[in-house]
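Written below as structure tokens is the structure these notes are about.
Index from 1, following the sequence. In what follows, every heavy atom counts, from backbone to side chain, and hydrogens, waters and symmetry copies are set aside.
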Amino acid sequence: MRFAVLSAGSWGTTYAAVLADAGNDVLVHARRPEIADAINTRHENPSYLPGVRLPHTLRATSDPAQALADADVAVISIPAQSLRANLAAWAPHLDERTAVVSLMKGIETDTGMRMSEVIQETAALPVERIAVLSGPNLAREIAMKNPAASVIASSDEELAQALQAASATPYFRPYTNTDVVGCELGGAVKNVIALATGLATGLGLGDNATALLMTRGLAETARLGAVLGADPLTFAGLAGVGDLVATCASPLSRNRTFGTHLGRGMTVAEATTATSQTAEGVKSAGALLSLARRHRVEMPITEVVVGVVEAQLTASKAAELLMSRTPKPEMYT
């Protein structure tokens, strides 16, 4: 299959390498010409995956139209809040048969829309031509060919299965699902919960606090998923608890790292500089909280993360508020 991967960040480059290792024809769009040149000549992305050797068959260009020409599948991996504007520019270059895969894990701030919904609306695509990939996707580990698995979800099961076959390598195992809502929601909320576990780490609150936040964070995800029509079993799988564990527990996680900086007293601006790459949970937290309030779903961890990110709460006050909430049954709706 012919894949266009837009663009050459850490996860986009990594998934492009997976596709190339699986025998596909892959062309990566790198916004900066020097990154495209490094991928083509040095087989490395020095900005996002320094020291990682990329497949010799992987090619790159700084021209998105060239990347999309004759592509069977367009894979999009850019910051969630930039999707609408970028896709509006790219959509005229999409062939009428091209499928679109989202690697993004965020919620659009102005609309509360999931990434597949933004793709459907902006590119005027039928839902059957859209898929999402989610799961524990720590890019550097996968780029180093450490064992990993993910979920490819689409309402069109045949598309999901075709992408599954095209993505399978000895080190990367893709599963399929038809629950696009659940897979996208799990990917978006876990970033916010990872910010919370990072806050707890920065405050030195210990492993019990981390386990508490992860478990109750999963409960928040499931409550919101229930009202949005997700399959509850999705949250017990790779796109739910699997992604949550990796993002909340690994020092490779940008969102956890960002939260740790905040817990140690940095401002959001300082943490942004220190983290250097996009932490999607920072932008998506407010949109998720608005979505939850619209559907009258209680998400207390998300609420205090928003308070910290918007400088309305200190990290220590956020922890105090969570621990002083009225006791409830563990399983409540």
Side-chain angles (χ1 to χ4, degrees), residues 78-84 104-115 117-118 134 181 183-203 209-210 212-225 227-228 230 235 239-240 243-244 246-248 253-264 266-275 277-322 325:
I78 59 177
Q81 307 312 322
S82 69
L83 173 60
R84 188 177 293 272
M104 298 162 289
K105 298 177 179 179
I107 299 291
E108 191 173 47
T109 53
D110 294 337
T111 65
M113 295 171 74
R114 292 174 285 106
M115 295 296 96
E117 294 176 309
V118 176
S134 193
V181 175
C183 287
E184 285 192 291
L185 196 61
V189 181
K190 60 91 184 181
N191 285 330
V192 179
I193 306 307
L195 287 171
T197 60
L199 286 168
T201 299
L203 289 168
T210 297
L212 163 64
L213 289 165
M214 291 170 64
T215 306
R216 297 313 302 163
L218 187 61
E220 289 191 13
T221 309
R223 283 199 298 272
L224 184 58
V227 301
L228 296 179
F235 302 121
D243 202 2
L244 185 71
T247 310
C248 290
S253 164
R254 286 172 285 184
N255 289 279
R256 179 184 183 272
T257 299
F258 196 105
T260 302
H261 291 321
L262 294 179
R264 290 174 177 163
M266 286 189 185
T267 65
V268 169
E270 290 168 341
T272 299
T273 300
T275 306
Q277 295 188 44
T278 301
E280 292 285 11
V282 177
K283 296 289 188 181
S284 293
L288 280 164
L289 184 58
S290 296
L291 187 63
R293 286 173 172 168
R294 192 184 315 156
H295 292 279
R296 299 183 180 180
V297 174
E298 194 173 20
M299 297 184 74
I301 299 174
T302 301
E303 190 164 356
V304 299
V305 167
V306 171
V308 174
V309 167
E310 295 183 354
Q312 297 169 351
L313 291 174
T314 63
S316 57
K317 184 62 176 178
E320 179 186 327
L321 286 173
L322 285 175
R325 293 182 71 245

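Judged by distance alone, the side chain of N255 and the main-chain N or O of G281 form a donor-acceptor pair under 3.5 Å. At least one donor-acceptor pair closer than 3.5 Å links the side chain of R223 to the backbone N or O of E298. Within the 3.5 Å criterion, the main-chain N or O of N191 finds no donor-acceptor partner in the side chain of E280. At distances below 3.5 Å, at least one donor-acceptor pair connects side-chain atoms of R256 with backbone N or O atoms of C248. Between the side chain of S284 and the main chain of I107, a donor-acceptor pair closer than 3.5 Å is present.
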Show the numbers, then the answer: is there a side-chain contact (heavy atoms from CB on, under 4.5 Å) between F235 and L244? CA-CA 9 Å; F235 302 121; L244 185 71; over 6 Å; no

Take L291 and H295 through the test side-chain contact (heavy atoms from CB on, under 4.5 Å) and record every step on the way to the result. CA-CA 6 Å; L291 187 63; H295 292 279; 4.0 Å; yes

Quick one: do M115 and E184 satisfy side-chain contact (heavy atoms from CB on, under 4.5 Å)? Show the steps, please. CA-CA 8 Å; M115 295 296 96; E184 285 192 291; 3.6 Å; yes

side-chain contact (heavy atoms from CB on, under 4.5 Å) between L288 and L224, worked out: CA-CA 9 Å; L288 280 164; L224 184 58; 4.2 Å; yes

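At a threshold of 4.5 Å between non-hydrogen side-chain atoms, the residues I301 and V192 do not count as touching. You'll find the side chain of M299 reaches within 4.5 Å of the side chain of V189, heavy atoms only.
For L199 against L262, the heavy-atom pair with the smallest separation is CD2-CB, 3.5 Å. Summarising the geometry of A196 relative to L213, their closest heavy-atom pair is O-CD1, 3.5 Å, with the distance given to 0.1 Å. Looking at every heavy atom in both residues, V308 comes nearest to A318 through CG2-CB, 3.7 Å. Counting all heavy atoms, side chain and backbone alike, G106 lies closest to A80 at CA-CB, 4.0 Å. When every heavy atom of M266 is checked against every heavy atom of E270, the shortest pair comes out as CA-OE1, 3.3 Å. Smallest separation of non-hydrogen atoms from S134 and G187: OG-CA, 4.0 Å.
T260 OG1 to L203 CG: the interatomic distance, rounded to the nearest 0.5 Å, is 9.5 Å. How far OG1 of T210 is from CD1 of I193: 12.0 Å, rounded to the nearest 0.5 Å. Note that OG1 of T302 and CD of E220 are 4.0 Å apart. Values are rounded to the nearest 0.5 Å. Residue K105 holds its NZ atom at 14.5 Å from OG1 of T278, rounded to the nearest 0.5 Å. Atoms CG and CG, on D243 and L218 in that order, are 11.0 Å from each other to the nearest 0.5 Å.
For E303 and R325, the salt-bridge test fails: no basic side-chain N is under 4.0 Å from an acidic carboxylate O.
Here the options are Q81, R114, K283, R84, the test is side-chain hydrogen bond (donor to acceptor under 3.5 Å, both in side chains), and the partner is E108; only R84 passes.
With a 6.0 Å radius and a threshold of 12 heavy atoms from other residues, nucleotides or ligands, R296 has its CZ atom at or below the threshold.
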